[in-house]
Protein chains: 2
Amino acid sequence: MQQQKLATIEDVAALAGVSIATVSRAINEPTKVAEATRRKVTEAVARTGYTTNAMARSLRMRRSNMILILAPDVGDPNFSNILVGLETEASKRGYGVLIGNTQNDPSRETDYLRFISSNQADGLILFTGHLPFGYGQDGNETRLPPMVAVNEPVPNADVPFVGVDNFAGARIATEHLISQGHKRIAFIGRAPGREVNRLREEGYRTALTGAGLTVDPRLIIDGDGTTESGRAAAELMFVRDALPTAFFCVNDATALGVLISLSARHYDLPRQFSIMGFDDISFSSFVSPSLTTMKQPRTRIGEAAMDLLLGMLAGETPKESQILLRAELIVRNSVGRVG
Amino acid sequence: MQQQKLATIEDVAALAGVSIATVSRAINEPTKVAEATRRKVTEAVARTGYTTNAMARSLRMRRSNMILILAPDVGDPNFSNILVGLETEASKRGYGVLIGNTQNDPSRETDYLRFISSNQADGLILFTGHLPFGYGQDGNETRLPPMVAVNEPVPNADVPFVGVDNFAGARIATEHLISQGHKRIAFIGRAPGREVNRLREEGYRTALTGAGLTVDPRLIIDGDGTTESGRAAAELMFVRDALPTAFFCVNDATALGVLISLSARHYDLPRQFSIMGFDDISFSSFVSPSLTTMKQPRTRIGEAAMDLLLGMLAGETPKESQILLRAELIVRNSVGRVG
DNA sequence: ACCATTGATGTAAAGGTTTTCATGGATTGT
DNA sequence: ACAATCCATGAAAACCTTTACATCAATGGT
């Protein structure tokens, strides 16, 4: 096979006429070695095509320069965009990223712990919203590696979180609707049990109150964030005959449901109703009318999370327990002026 | 920190009252060790919480049980769905996956080679459509690890490929249009230089010929697979006044462009024109009318590719130079009966 | 001219496995 | 009853680094 033996540090040492310790130093701490020998070593490295064996290195140094990313669904577009940021930052700092798709299956979560317990990964990025199943068992808390949560915070655990500022984003979104003359604005997707939904509703309420508008409970509809829930919510409002001029939806999927419902009723959008989403998922620009929404800075979230984690790995203690990045208003065609 | 020393194989051996060799065997080749000692070892493992140090293991065995996935854009939804399959299969077989986002940057590609040359990965999955920059240089071909190409084949290199059967898929798609009574069917997205486009065009032609229809060159329009190219192609056909009853588009993005163009002209779809896509990307079910298309079996592609690679790693020689999986016809609302 | 300090290099240990080879006891066949 | 075989186990080498410590020469200060 291709197992043509690779050059080791000894080969380099022999060729350069120095000891292996010197070679190691020449590579890792160039200042600690004399100019002349450094050159000899560099040349020998080039000639042998030597690259340091990461396994031996990791074994000796007890760190792998690898980060494990645990996510419930790797296929989720939300995940993949954050992944770009995570990967970019890690790679820039000489780390590799390992991915683990848990599918919310406890046994798979436990399975991935071997990467940690076997020293194959130094740190953990959690997309799952909870500690991996199997941790914090049998009092052995000390085994927890440095971790950072992304996308969803981990409740009841001291895990720093990096994500979008849902409250501020929802507020900006609602204020945008208000600035377009809307006074009766619905909130679709209330779910007090879900942190994300709760914060977005809070931002919505704050914006209304701040503009001197009253919050009408009949305009706040429950929803679990799916397209279907958005459709159902819109239908419900027609049945109840308590109609807004604008729908602020907890996310784009919900907004799409509302849009489908209104289109089916042949309303002229955005003339008769405005729709505002949150997230800016991929199809938001393709639907008709294209969706005005709040864009999550996903790449930057990934970068910030990885930066935080690598800092912790280097011994820094995180200054904040969470880092919230601002969402950006993307104006498209689903919001119009009222009146 | 959490560096509370982990249990080693020696701790287990001491507790079980056997040698470390026996412990290793009890874990890795249970049949080679007596029933009684095996139980002692198992218990000692449980009590110490021992997990084998992957670094030491990899160092000794000269394999890491890691696969490196090199992709130009990790954020691409096409990638992430295949990734699910890759990851699932790898994990099932005890392998981990490492991801590398190259952004088509040669220096980044070269950079990731260190994972190979430093023994951090045993095999390579290529999404890039070409060998990583820096390989096959200086005649050192032997350094190439086992590789499998996915998504895009690697030209001029002996790399097995796993992907969708574009020819058969395009043929099925076209035959579906024919079955709905269409006789004047356009092909949007001709690009003979691109393998994917060429094969899909070929499938289209074969279906027409097979049904006794003539191929009208005026109905075959160039395009690079972008939404804009689809829009432009449709406009061009109106200008030329050589109109089909159905548009078979090289991919969904192109189909979307056609759909936008026709919608803007206020045609009633699919009554006046039918549109067929290829790929089944995420928004295809959301546009109006929702897109009839060929679905790529992405998860299965990932699984098949990983299965092939792991087989090669185990010493098998791949039987075929490529594995083509069938695309599945997804009937939605953009194709209607003619007449 | 001598001692103390600095700076560059080398020696050897440690990191935790897997696996070859040797050893000794038990089993089998005649 | 004895030789031949087999089976379970142990000792030790090998995998390739990094780094604490030792060594030795050169430099600088008095």
Side-chain angles (χ1 to χ4, degrees), chain A residues 3-42 44-45 48-66 94 114-120 122, chain B residues 3-42 44-45 48-66 94 114-120 122:
Chain A
Q3 266 314 19
Q4 165 222 32
K5 234 177 142 186
L6 297 177
T8 79
I9 200 172
E10 290 209 60
D11 301 329
V12 177
L15 189 59
V18 297
S19 78
I20 61 167
T22 303
V23 173
S24 176
R25 277 190 287 257
I27 293 172
N28 302 312
E29 308 158 295
T31 60
K32 291 202 174 178
V33 58
E35 170 69 20
T37 42
R38 194 188 335 170
R39 271 208 309 273
K40 278 193 296 183
V41 170
T42 316
V45 165
T48 53
Y50 170 77
T51 26
T52 107
N53 181 314
M55 294 315 167
R57 175 178 236 265
S58 297
L59 173 58
R60 172 63 220 234
M61 302 191 66
R62 292 176 150 145
R63 48 205 293 266
S64 56
N65 278 28
M66 286 283 168
R114 77 189 147 88
F115 285 111
I116 299 297
S117 59
S118 71
N119 277 337
Q120 262 180 117
D122 302 334
Chain B
Q3 268 310 21
Q4 165 221 35
K5 232 175 150 190
L6 298 177
T8 79
I9 200 171
E10 291 209 60
D11 302 329
V12 177
L15 189 59
V18 297
S19 78
I20 62 168
T22 303
V23 173
S24 175
R25 277 189 287 257
I27 293 172
N28 302 312
E29 309 158 293
T31 62
K32 292 203 175 176
V33 60
E35 171 68 20
T37 42
R38 193 188 336 171
R39 272 207 309 274
K40 279 192 296 184
V41 170
T42 318
V45 165
T48 54
Y50 170 75
T51 24
T52 107
N53 181 315
M55 294 315 168
R57 175 177 235 264
S58 298
L59 173 58
R60 172 62 219 235
M61 301 191 66
R62 290 172 150 151
R63 47 206 289 268
S64 56
N65 278 26
M66 287 282 166
R114 77 189 147 89
F115 285 112
I116 300 296
S117 59
S118 70
N119 277 334
Q120 263 179 117
D122 302 333

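Quantities reported herein were computed from a predicted structural model and do not represent experimental measurements. The sequence lines fix the lettering, A, B, ..., with proteins before strands; numbering per chain opens at 1.
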Participant: What is the distance, to the nearest angstrom, from the CE atom on A/M55 to the P atom on D/dT18?
Facilitator: 14 Å
Participant: Pick base, sugar-phosphate or nothing for B/T52, based on heavy-atom distances below 4.0 Å to the nucleic acid.
Facilitator: sugar-phosphate
Participant: Rounding to an integer number of Å, can you tell me how far B/E29 CD sits from C/dT17 P?
Facilitator: 16 Å
Participant: Apply side-chain contact (heavy atoms from CB on, under 4.5 Å) to residues B/T48 and B/L15 and explain how you reach the verdict.
Facilitator: CA-CA 9 Å; B/T48 54; B/L15 189 59; 3.9 Å; yes
Participant: Who pairs with A/R25 by side chain to side chain donor-acceptor pair (under 3.5 Å), at least two apart in sequence or on another chain?
Facilitator: none
Participant: Kindly give the atom pairs (protein nitrogen or oxygen, nucleotide nitrogen or oxygen) under 3.5 Å for nucleotides 7-11 of chain D.
Facilitator:
| from | atom 1 | to | atom 2 | distance (Å) |
| --- | --- | --- | --- | --- |
| D/dT9 | OP1 | B/T37 | OG1 | 3.0 |
| D/dT9 | OP2 | B/A34 | N | 2.9 |
| D/dT9 | OP2 | B/T37 | OG1 | 3.1 |
| D/dG10 | OP2 | B/S19 | N | 2.8 |
| D/dG10 | OP2 | B/S19 | OG | 3.1 |
| D/dG10 | OP2 | B/T22 | OG1 | 2.5 |
| D/dG10 | N7 | B/R25 | NH2 | 2.9 |
| D/dG10 | O6 | B/R25 | NH1 | 3.4 |

Participant: Taking only side-chain nitrogens and oxygens of B/N28, does any of them come within less than 4.0 Å of OP1 or OP2 of C/dT18?
Facilitator: yes
Participant: Under the rule for side chain to side chain donor-acceptor pair (under 3.5 Å), what residues qualify as partners of A/S118, not counting sequence neighbours?
Facilitator: A/Q120
Participant: What residues, two or more places apart in sequence or in another chain, satisfy side chain to side chain donor-acceptor pair (under 3.5 Å) together with A/S58?
Facilitator: none
Participant: When you measure from the side chain of A/T8, which nucleotide among D/dC15, D/dT17, C/dT18 comes out closest?
Facilitator: D/dT17
Participant: Got a sec, which residues hit side chain to side chain contact (heavy atoms under 4.5 Å, CB included) with A/R60, two or more places apart in sequence or on another chain?
Facilitator: none
Participant: What is the separation between atom CG on B/L59 and atom C1' on C/dT17, rounded to the nearest whole Å?
Facilitator: 8 Å
Participant: What I'd like to find out is whether the side chain of A/V12 reaches to under 4.5 Å of the side chain of A/I27, using heavy atoms alone.
Facilitator: no
Participant: According to side chain to side chain contact (heavy atoms under 4.5 Å, CB included), who are the partners of A/I9, at least two apart in sequence or on a separate chain?
Facilitator: A/I20, A/V23, A/S24, A/Y50
Participant: Roughly how many Å is it from CG in A/N119 to C1' in D/dT17, rounded to a whole number?
Facilitator: 15 Å
Participant: For B/T52 and B/N28, what are the C-alpha separation, side-chain angles and deciding distance, and is it a side-chain contact (heavy atoms from CB on, under 4.5 Å)?
Facilitator: CA-CA 11 Å; B/T52 107; B/N28 302 312; 5.7 Å; no
Participant: Using the side chain to side chain contact (heavy atoms under 4.5 Å, CB included) criterion, which residues pair with B/T37? Sequence neighbours excluded.
Facilitator: B/V18, B/V33, B/A34, B/K40
Participant: To the nearest Å, how far apart are A/R60 CZ and D/dT17 P?
Facilitator: 13 Å
Participant: How many whole angstroms separate atom CD of A/E10 from atom P of D/dC15?
Facilitator: 9 Å
Participant: Would you please name every residue forming a side chain to side chain contact (heavy atoms under 4.5 Å, CB included) with B/R39, sequence neighbours left out?
Facilitator: B/E35
Participant: Please report the distance, rounded to the nearest Å, between CE in B/M61 and P in C/dG16.
Facilitator: 18 Å
Participant: What is the distance from CG of A/D11 to C1' of D/dC15, rounded to the nearest Å?
Facilitator: 13 Å
Participant: B/R57 side chain N/O closer than 4.0 Å to the phosphate oxygens (OP1, OP2) of D/dC15?
Facilitator: no
Participant: Could you run down the sub-3.5 Å N/O contacts of the protein with nucleotides 22-25 of chain D?
Facilitator:
none

Participant: Sequence neighbours left out, what passes side chain to side chain donor-acceptor pair (under 3.5 Å) with B/S19? Give chain and number order.
Facilitator: B/T22
Participant: For D/dT17, does either OP1 or OP2 sit under 4.0 Å from a side-chain N or O belonging to A/S24?
Facilitator: no
Participant: According to salt bridge (charged side-chain N to carboxylate O under 4.0 Å, His left out), does anything in residues 7-23 of chain B pair up with another residue at least two apart or in another chain? List the pairs.
Facilitator: none
Participant: Enter the inter-axis angle for the ends of the helix from C/dA1-D/dT30 to C/dT30-D/dA1 (five pairs per end, rounded to 10°).
Facilitator: 30°
